[in-house]
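Each chain gets a letter, A, B and so on, in the order its sequence line appears, and its residues count up from 1.
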Number of protein chains: 2
Amino acid sequence: MDCCPPLHSPLDEDDAVELAAVLKALADPARLRLLSIIGSASDGWACACDLHEPLDRSQPTVSHHLSTLVKAGLVEREQRGKWAWFRVRPERIDAVRQALDLGTLPISG
Amino acid sequence: MDCCPPLHSPLDEDDAVELAAVLKALADPARLRLLSIIGSASDGWACACDLHEPLDRSQPTVSHHLSTLVKAGLVEREQRGKWAWFRVRPERIDAVRQALDLGTLPISG
DNA sequence: TCATCGATTCGATGACCATCGATACATCAA
DNA sequence: TTGATGTATCGATGGTCATCGAATCGATGA
């Protein structure tokens, strides 16, 4: 998936639904903080076991948010034995940023 | 409001709530299409009367979405006699794009 | 094989929200 | 002033989702 069509082009309903789905995955405080925490890991990878404590949410809730991020393609998951490790996919977030580009809008001039 | 703290900095709960609120306003197909349509207007301003038809939603629904966009600061409203006119505020959308910047993350190298 | 511990899934609950029809409000024209 | 029209608000409804505790799954080590 090449996510997502830019906002400055005429956005049909299907494209809008697709872009909205990714934005909805971002539009939650817990998930934004997860992205921030995971992205701040020294080598980019963070263990799930280190995530629920700083988030101050229950472990099942954090697991739910992580799977939401994975399903949206914003985060990558890797199983290492007993532990699950996660990594931000910056190219996906960049795609969202580009979709929100208004640079070619008349009003921006 | 200087919306919003960048994702690559440690995001505390308050900042995350604030950024999530703006993203939530964006995370709806109808509102994305509204932004797209309004932004495509020749002079940047679009009349509400021209918006519900291409959106294929009822007039009250479109009015609701427009007020959501205004409340989030993403769109500006101006009353011209009987008609309401709207304009995208690109600097606000740009602020969201910058908040999503991952450029300084270690993983992006 | 069994006990342990981390992680996910399940089920329930309460909150929020997109949507609509009906209504009310505001402005313009006659 | 009256009627027509554009817009916002109200109330209701159905759906989605964040959250949690409990249960389940899976891997490790004894």
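Residues B:E76 and B:R87 are paired through a salt bridge, judged by an N-O separation under 4.0 Å between the basic side chain and the carboxylate. Ionic pairing of B:E91 and B:R97 is not present here: no N-O contact between side-chain nitrogen and carboxylate oxygen is shorter than 4.0 angstrom.
Taking CG of B:L69 as the reference point, atom NZ of B:K71 lies at 11.5 Å (rounded to 0.5 Å). Between B:C47 atom SG and B:W85 atom CH2 the span is 5.0 Å, to the nearest 0.5 Å.
The CD atom of B:Q59 sits 16 Å away from the P atom of C:dC25 (whole-angstrom rounding). For B:E78 and C:dT27, the CD to P distance is 15 Å, given to the nearest whole Å. Put simply, CG on B:L69 is 16 Å from P on D:dT7, counting in whole angstrom units. In this structure, CG of A:L55 is placed 10 Å from P of D:dC20, rounded to the nearest angstrom. When the P atom of C:dT9 is taken as reference, atom CG of A:L66 falls 11 Å away, rounded to whole Å. Taking atom CG of residue B:D56 and atom P of nucleotide C:dT19, one finds them 11 Å apart after rounding to whole Å. Distance B:D28 CG to C:dA18 P: 5 Å, rounded to the nearest Å. Distance, A:R33 CZ to D:dA18 P: 16 Å, rounded to whole Å.
In terms of phosphate contacts, B:R77 brings a side-chain nitrogen or oxygen within less than 4.0 Å of OP1 or OP2 of D:dA8. Between C:dC25 and B:K82, no contact under 4.0 Å exists linking OP1 or OP2 to a side-chain N or O. Contact annotation: A:H64 side-chain N/O to D:dA18 OP1/OP2 distance is under 4.0 Å. At least one side-chain nitrogen or oxygen of A:R57 sits closer than 4.0 Å to the OP1 or OP2 atom of D:dT19. Between D:dT16 and A:K24, no contact under 4.0 Å exists linking OP1 or OP2 to a side-chain N or O. Proximity of A:T61 to the phosphate of D:dC20: a side-chain N or O atom is located under 4.0 Å from OP1 or OP2.
Of the candidate nucleotides C:dT8, D:dC20, D:dT7, C:dT8 has the atom nearest to the side chain of A:S63. Distance from the side chain of B:P60 is smallest for C:dC20 among the nucleotides C:dT9, C:dG6, C:dC20. Taking only side-chain atoms of B:W83, from C-beta outward, the nucleotide of C:dT8, C:dA7, D:dT7 with the closest atom is D:dT7. With C:dA22, D:dC20, D:dA18 as the candidates, the nucleotide lying closest to the side chain of A:H65 is D:dA18.
Within the nucleic acid shown, B:R31 comes within 4.0 Å of sugar-phosphate atoms alone, with no base atom in reach, counting heavy atoms only. Across all strands shown, B:Q79 has no heavy atoms under 4.0 Å from either base or sugar-phosphate atoms.
Between the side chain of B:R31 and the backbone N or O of B:K24, at least one donor-acceptor pair lies under 3.5 Å.
Comparing A:V62 and A:R80, the nucleotide of DNA chain D nearest to each residue sits closer to the 5' end for A:V62.
None of B:D28, B:V96, B:L32 except one satisfies the side chain to side chain contact (heavy atoms under 4.5 Å, CB included) rule with A:L23; the exception is B:L32.
Pair check for D:dA30 finds C:dT1; Watson-Crick or G-U wobble, both atom distances under 3.5 Å.
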